[in-house]
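To start, the structure under review is shown below, and the notes come after it.
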Protein chains: 4
Amino acid sequence: MATGDTAPRPSSALTRKGAATRARLIQAAQCVFSERGFLQSKITDITAAAGTANGTFYTYFDSKEQVLMAIADEVVGRFLGTLREGRSTSGDPAEVISHDNHQYVVAYRAHADIMRVIEQAATFNNEMAVLRRSIRERFVERAARSIRTWQAEGLCSADLTPRIVAALLVAMVDNFAYNWLSLGQPHPEDEVVHAMNEIWIRALRIPKEARTHPAQL
Amino acid sequence: MATGDTAPRPSSALTRKGAATRARLIQAAQCVFSERGFLQSKITDITAAAGTANGTFYTYFDSKEQVLMAIADEVVGRFLGTLREGRSTSGDPAEVISHDNHQYVVAYRAHADIMRVIEQAATFNNEMAVLRRSIRERFVERAARSIRTWQAEGLCSADLTPRIVAALLVAMVDNFAYNWLSLGQPHPEDEVVHAMNEIWIRALRIPKEARTHPAQL
Amino acid sequence: MATGDTAPRPSSALTRKGAATRARLIQAAQCVFSERGFLQSKITDITAAAGTANGTFYTYFDSKEQVLMAIADEVVGRFLGTLREGRSTSGDPAEVISHDNHQYVVAYRAHADIMRVIEQAATFNNEMAVLRRSIRERFVERAARSIRTWQAEGLCSADLTPRIVAALLVAMVDNFAYNWLSLGQPHPEDEVVHAMNEIWIRALRIPKEARTHPAQL
Amino acid sequence: MATGDTAPRPSSALTRKGAATRARLIQAAQCVFSERGFLQSKITDITAAAGTANGTFYTYFDSKEQVLMAIADEVVGRFLGTLREGRSTSGDPAEVISHDNHQYVVAYRAHADIMRVIEQAATFNNEMAVLRRSIRERFVERAARSIRTWQAEGLCSADLTPRIVAALLVAMVDNFAYNWLSLGQPHPEDEVVHAMNEIWIRALRIPKEARTHPAQL
DNA sequence: AATGAATGAGTCTTCATTCAT
DNA sequence: AATGAATGAAGACTCATTCAT
């Protein structure tokens, strides 16, 4: 799951105390980053928030970038975890879409602050850009796979390239979530999720009636 | 058009020479920003590229942010101009959508580099965030207006809130363009634009046959 | 003459004022280094001594090492200049030796403080080690050349390899000067220089009587 | 022999285990110092090499300087020991000189790496400078004593001050050895040692024939 | 207007040394 | 004795911005 090297600096395993301090620093960094953004955060802000001395930061991380990678890796893991947990078991495409979009919004909301930080860091840090891209790629991949299956089974229109529709629809969901949840643009949740679902369903021409049964598209 | 205060520092009008120097600085800044991003660019990079002395920068701009605002304003103006020029005169929704999406892609591609810079600056500079939001807002507004009209005329489905579908579809187009054209993810243009159009058309349930004539949606 | 790259950071030529500031910084660095050694000197010590702001240092130099290189290059130049100026015109080996040793001591004394600094820096900085070695190498080379000539002309013993005797005798003079003049070990100048000369003369078996005339060695 | 305070920190005697740990640390420090020099060596490099925890270092030493003093004391002891062991019993000055020079080279070669470290530390640490000076002083003293004896016995020229010739000749041997063996400048051993001996012998005008018997100098 | 030197606040980063366990 | 986490003083370096000419 992890993309960056999040291993602690000391090569030996951490003691219980060390692990606790490291965790405190990560926690503090997450707070500080969320509050003022990555760029505006100083190492001393983090150590102050963690209640450690300045230099302690460097016992566990090489740089601000590295601690963000550690956080991001963890967040991505939790994010994906949230999605997996709530995986729809139904084979009904409309239900799958509705379910996934809802889960996506729920998961995003839980990490909206740190996603904003990752988004910022991705604009100037290559490692972070790679991570950011990989998150999205994962969703595109998954959506494309579903679409390919549905097309094969005649459950949806087959006239659009799966990879491309998937990329477009994921861009929509992901970026809308960013503007809405990370940047705080107000939108009514119910309507938004409904519209999202409908756009997916219509784009893929998933038939309304008896969606688990093939229809003439 | 302008969002930030882009007036030159001296309140008096610029001499011809002064205007030329200012233009050279803007030009240079745009190059430098495009190449290494806003954060990585130093004032001296800009003045070196413009062939002026270090301090000359401050004869025309108050800060690095301000020169970016000047550039961004100009770019936004050209961006919107490009779209307006190519405005579809047809009333056929499908044609309008197809036309607008194509124009959008063309316009975005022309400013992809600087859009990446604006995107970066928007993550930490409020003025830039406001500008960035305003660009998108303009498109959402316009799309929502079209949709509202089409709905009123029975040219498209009326079951989704215009503002929300518009926001979602614009998020899709805008963010996909960013990833594709600003960040360089490869995609086949024809297919992408086709899929984009189809998603809009299907999302809005614009009937294929006789699109200028109302149909039962 | 110069070994390191002592060009000022700004690629353009310095203005009169800039050159003055740079000179002041070099002057100050030389004082500070001489007083407390290279390692114990902080950049702020130098700028304080030069009466400039902290950052001004970096307008002219990249690092403490670089300013030392600039100083060292200059010192080496002056050092070699001093020796050249006072070059013995006589062909008499004893006279040449006596003259050169005297000049060497005079030149060394003039730069004893900075030589101590160079000696220190050469123990951990490779560039400086190279410079330090190159100074000595120059003297060894010169001495070896003289010896070779004298041997060919029968003016001195030919049973020792010129390069090796030269290296040994230069090590003696150079290192004794370091201990005496740089580290401050007290020695009576007259006696020391006399003994130095005698050791060279005897080592090379230069005949006392009629030294410009070949003798049976 | 010891110059610095090399007593272990706890005043009580060391346990067997403690002594072993201390020895391991000294051994490790010597390796690390030799490899990267005193300044570039971190305490953690030493403890890592010794296979102990960071803090253990301070159970046995007060500082990085102190462990070097301990090493230097030991090295100086071994150095002098090597020389003493191989002491020439002959009274023949030429033989004594040749023997001593050879022994000196052998002894120096055995400690060339750590001598380089001591040389470095002596440039900024007073204790180390004192130690370094004391080593040389010992040799100068010894050489001066021999010379004085030989002069008194008519075995060598009496026109140069023993202390001064000794200081010069020791500077030659010592510094040449440093450049050759510590800094790695290549030289052919046989020729070098031969030339060294000859310089001493000629400088002191030790007669070739029947050197144990007084001659007219 | 233009120049380019001067400024100095702001941060990062290192690592010898201490300390609680 | 040993451990290894914690400390924090110390100093380097950057670069947007100001200023004297």
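Chain A is the first sequence line, chain B the second, and so forth, proteins listed ahead of strands; every chain is numbered from 1.
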*How long is the line joining CG of Leu68(D) and P of dA16(E), in whole Å?*
14 Å
*Any side-chain heavy atom of Thr52(C) sitting closer than 4.5 Å to one from Phe57(C)?*
no
_Rounded distance (Å) that lies between atom P of dT14(E) and atom NZ of Lys42(D)_ = 8 Å
_Using whole Å, what does the distance between atom C1' of nucleotide dT7(E) and atom CG of Leu25(C) come to?_
13 Å
*CG of Asn54(C) versus C1' of dG8(E): gap in Å, rounded?*
7 Å
*Under 4.0 Å between a side-chain N/O of Ser63(A) and OP1 or OP2 of dT13(E), yes or no?*
no
_Quick check for you: among dC12(E), dA5(F), dA2(E), whose closest atom lies nearest to any side-chain atom of Tyr60(B)?_
dA2(E)
*Could you say whether Ala53(D) or Thr52(A) is positioned toward the 5' end of DNA chain F, judged by the nucleotide with the nearest heavy atom to each?*
Ala53(D)
_Check: Val67(D) and Phe33(D) side chains under 4.5 Å, non-hydrogen atoms_ = yes
*So, Lys64(C) side chain and Ser41(C) main chain: donor-acceptor pair closer than 3.5 Å or not?*
yes
*Just to confirm, is there a sub-4.0 Å distance from OP1 or OP2 of dA6(E) to any side-chain nitrogen or oxygen of Thr21(C)?*
yes
*Residue met sooner reading DNA chain E from 5', once Gly55(C) and Lys17(A) are mapped to nucleotides*: Gly55(C)
*Gln40(B) CD - dA16(F) P separation (whole Å)*: 12 Å
_Can you work out whether Gly18(B) or Arg24(C) has the more 5'-proximal nearest nucleotide on DNA chain E?_
Gly18(B)
_Among dT3(F), dA6(E), dA2(E), which nucleotide has an atom closest to any side-chain atom of Thr56(D)?_
dT3(F)
*Whole-Å distance between dA16(E) C1' and Asp62(D) CG?*
12 Å
*Which listed nucleotide (dC13(F), dA16(F), dC12(E)) is nearest to the side chain of Tyr58(A)?*
dC12(E)
*Under 3.5 Å, side chain of Gln27(D) to main-chain N/O of Ala23(D), donor-acceptor pair present?*
no
_Between Thr15(D) and dA1(F), is there a contact of a side-chain N or O with OP1 or OP2 at under 4.0 Å?_
yes
*asked:* Pair Gln30(A), Val75(A) - check side chain to side chain contact (heavy atoms under 4.5 Å, CB included), show working.
replied: CA-CA 10 Å; Gln30(A) 192 156 349; Val75(A) 164; 4.1 Å; yes
*Watson-Crick or G-U wobble partner of dA2(E), both distances under 3.5 Å*: dT21(F)
*Mapping Ile43(B) and Ser41(C) to their closest nucleotides on DNA chain F, which lands nearer the 5' end?*
Ser41(C)
*With a 4.5 Å limit on heavy-atom distance, are the side chains of Ile118(B) and Phe38(B) in contact?*
no
*Nearest to the side chain of Lys64(D) - dT7(F), dA16(E), dT3(E)?*
dA16(E)
_Partner nucleotide, any strand, of dT7(F) [Watson-Crick/G-U, under 3.5 Å]_ = dA16(E)
*Quickly work out the Ile46(B) CD1 to dC15(F) C1' distance and round it to whole Å.*
12 Å
_Gap between atoms CG and C1', on Leu14(C) and dA5(E) respectively (whole Å)_ = 10 Å
